[in-house]
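One structure is given here, and the rest of the page talks about it.
Proteins come first, then strands; the chains are lettered A, B, ... in the order of their sequence lines, and each starts at number 1.
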Amino acid sequence: MRERNMTREQQSAPRVFRLYGITCAGCVHKIETAVQRVVGVRDARVNLAGKTLTVRGEAEPRACIEAVRSAGYDAEVAKQSERELRAQQHKEEIYHYHQLLWRSAFALLVGVPLMAWGLVTAKVSVNTPTDQLVWGTMGLITLAVLIFCGGHFFSGAWKALRHHSATMDTLVALGTGAAWLFSMGVVVLPQLLPESARHVYFEASAMIVGLISLGQALEVRARGRTNAAVEKLLQLQDSSARVLRDGKEVDIPIEQVQVGDRLRVRPGEKIPVDGEVIEGNSRVDESMLTGEPVPEKKSAGDSLVAGTLNKNGSLLFRADKVGDETRLAQIIEMVKNAQGSRVPIARLADKISAIFVPVVMVIAVVAALIWFNAGPEPRAAHMLVVLTSVLIIACPCALGLATPMSVMVGVGKGAEYGVLVRNGKALQQSCNLDVLVVDKTGTLTEGSPRLTAIDTDGDSDELLQLLASLEQGSEHPLAEAIVSAAHEKKLALQTLGDFEAITAHGVSGTIAGRRVVLGNTKLIRRENIPMGTWQARADQLAEGGRSIIYAAVDGELKGVVAIADPVRGDAEAAIGRLRRLGLRIEMLTGDNRASAEAVARRLKINQVHAELLPEDKERIVAELQRGGERVGMVGDGINDAPALARADVGFAIGAGTDVAIESADVTLMRSSLHGVANAVELSRATLRNIKQNLFGAFIYNTLGIPIAAGILYPLTGMLLSPIVAGAAMALSSLTVVSNANRLRLFKPSEPH
Amino acid sequence: MEVLWVNIIGLLLIAWIIWWFWLGPKHKAGKEVAGGEKLHILVKDGVYEPDRIRMPAGRPATLHFCREDPNPCSEWVLFPDLEISAELALHQETLVEIPASAPGEYPFTCQMQMYRGVLVLEP
């Protein structure tokens, strides 16, 4: 049956090949006729513009490629885009779902009337030849149900058995098979058993197959939803792009966009590939990737990320990364990878589920033997009921599915909020951190210093112009702050001569015949420039943690400049959230103590490690760990990669660099500490969900199996019906998947 | 007499289960793959076939998984020790890249460990 399905699938899905060496309409004909001749090809069509060949029928792809080659061209199987693949898999899933529903419907159609007959008339024993005939017929009908609706359980069980392994299929096949064989035995040779034990259980076989198939069908649907997050990310990918070719805007399929192409996006359109803006101004909503609620301003020189939404302006941009290289494609890859990874907490469950089925088989036999030796009459019937019920009620699914399903949903949910978790281990460790060590620059502050004050007796613009001219060639962050301040005031820069950078002191140079010196107190002292009253004025400016630079012109101090890295607007709220989550915050920075403490005071952080060298950060993380604390480290990954790697959980913020993504356990797509709080909340929600699932699965099996084995018989005088066992089992795995799906409702506590 | 027989059969059954699933001789040979050869692993009816793959260690390799099993359980294959996982498309070939790794046995399973296989990297 399966073979037939496959061919059917192949027939319905046309195969697409990419062609090489094709130039004209003549080639089209040659290739089409060559491929038409291949056995099994129903139809072959060449698309000259797209250079593709589409083949329908059940021909071997290799034969088609051979045919194209013999015609003088070359071809290869076109790689399906992730989205097409998904769509096709989705179709397969729905097909499988319907198949399971049909199987279940047929099995229940036979099982329910049989069960009703048994409940209503209680005539399910075989005593006369008429009984034998009637029940024999029923047995054959049930056999047909077992073969057509439950055949896959048996073939799977047999295959697994030959591989020395036992699966879910083994349990179902053994349970239903035992019930059927016993019943048939009763029908054929009733005289072997005492009258009270001549009971048939055909209805149990049919009902169990029906119920478990129904459970599997519903599970297929529920499982489909666990992957909604990746689906959503895939939806972000546009299928076409508007490219500028020979001065005209042409719509082409996304696969054909190449690096260097110039593309146009209009307001309300999605950015098709990663690139850099050449022209235009707009706001771009990146929330779908970063979780950052406010749209970003974009103009020439800014980078664009595929999948984000252009809001109000039209943008012309150059494609930098296409296809699998785009950030979106990488995010999808990373999410998929993490979704499949294991969580340490599940190690016990994994161990148990690996040996679960054979253990249950042993338990079933032991229980049956106990009933045979010590149980009341009818012993044979009791044995069978206990054996079947134990085999059927035991559900390795619930146990084995508990963690993977939650991780799948949790990791996917994280991606929605711009939290990319590397693996299950990182997800688990994020939930019980004690300390969060935060690198100040770029995390608590904007990361780019700005000139905040300038104090001079003369014209401040004139001084700024001189200083910016001096610093124009320098790449030091403080220099950039001065130059960009001059740009903002639209001050023209002058030519610079005799430029000299004095390490750890400052710079000097000659502008329009005047010698300009800019640097710290050490430089001023070295140059023998009198400080005068400037020390006091500088101290006043330095309050609030700003860096102070002295400016001297022709040997005379002209002013002081204050430069600071402003604290991020949302840092305080995010720190508050993290503290409420029970984390202690410590700040790391290479800056001087005064400016570090000023920032710490503003953000109410008690612990500050200032004036650090890059390698000190790792040492501090290690020291905290030696104190027995679980340490999370937040950084931008540029010079704190070793510390990120050392920490129990390294959070790379801003996703600015690929290094950060490499070395971090959790990558945050936005440069806000809110991302860390979201990650911690998400990890706690996921772990809670996993624990619920594991607890449920353990309880279910540890209660279910003894009850099925008849432990309640002395109290109730009844054994658990195998049908009830089948229903319970189907329900238990469905419950696990549904509970995992509940995680989709997760929302971080970030206020908007 | 009957009592004795039933008990003996039951105990033999238990012994057989224990022997077959745990103690018994599993076919150790497995499928050997030389460098450069394409290795297909069929995922069908609840098993990987072959379920024991031997390859030279220290070299990256590509495994071709062909999933013909519509059961959602077979959707993922995990190599927990190598931190590799892949989503297998139904009726399609999915390539799984194995990085160069140290010699040893690397089990691969489905999410629930019902489908099991071992990748043996030999020195």
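- Neither the backbone nor the side chain of A:Leu399 has a heavy atom closer than 4.5 Å to any heavy atom of chain B.
- Counting heavy-atom neighbours within 6.0 Å of A:His90 NE2, excluding the residue itself, gives a total of 12 or less.
- Remark: A:His96 pairs with no residue by the ring-ring contact (aromatic ring centres under 6.0 Å, His included) rule, at least two apart or across chains.
- Counting heavy-atom pairs closer than 4.5 Å to chain A, the top-ranked of the candidates B:Gln111, B:Arg116, B:Glu75 is B:Gln111.
- At a 4.5 Å heavy-atom cutoff, the contact between A:Val359 and chain B is made by backbone and side-chain atoms alike.
- In plain terms, the two heavy atoms of B:Trp76 and A:Met408 that are nearest each other are NE1-CE, 3.5 Å.
- Looking at A:Lys159 and B:Glu49, their side chains come closer than 4.5 Å, going by heavy atoms from C-beta outward.
- Taking every heavy atom of both residues into account, B:Phe21 and A:His164 meet most closely at CD2-O, 3.6 Å.
- Heavy-atom pairs under 4.5 Å with chain B were tallied for A:Gln339, A:Glu219, A:Glu93, A:Gln216; the largest tally goes to A:Gln339.
- Crowding of A:Lys336 atom NZ: a count of heavy atoms from other residues, nucleotides or ligands under 6.0 Å exceeding 12.
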Name every donor-acceptor pair, under 3.5 Å, that has one atom in a side chain of residues 3-14 of chain B and the other anywhere in the protein, sequence neighbours excluded.
from   : atom 1 : to       : atom 2 : distance (Å)
B:Asn7 : OD1    : A:Asn373 : ND2    : 2.7
B:Asn7 : ND2    : A:Asn373 : OD1    : 2.8
B:Asn7 : ND2    : B:Val3   : O      : 3.0

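- Per-residue counts of heavy-atom pairs under 4.5 Å with chain B were compared for A:Ala349, A:Pro358, A:Pro396, A:Ala368; the largest is that of A:Pro358.
- Residues B:Glu83 and A:Arg342 are not paired through a salt bridge, judged by the lack of any N-O separation under 4.0 Å between the basic side chain and the carboxylate.
- Across B:Leu90 and A:Gln89, no two heavy atoms sit closer than the pair N-OE1, 2.7 Å.
- What you find for A:Asn337 and B:Ser85 is that their closest heavy atoms are O-OG, 3.1 Å.
- For B:Tyr48, the part lying under 4.5 angstrom from a heavy atom of chain A is the backbone only.
- Taken from CH2 in B:Trp16 to CE in A:Met361, the straight-line distance is 6.0 Å, to the nearest 0.5 Å.
- Within the 4.5 Å cutoff, side-chain heavy atoms of A:Ile355 are placed close to those of B:Trp22.
- Between the side chain of B:Trp20 and the main chain of A:Arg162, no donor-acceptor pair closer than 3.5 Å is present.
- Considering CG of B:Asn71 and CZ of A:Phe153, their distance stands at 9.0 Å, rounded to 0.5 Å.
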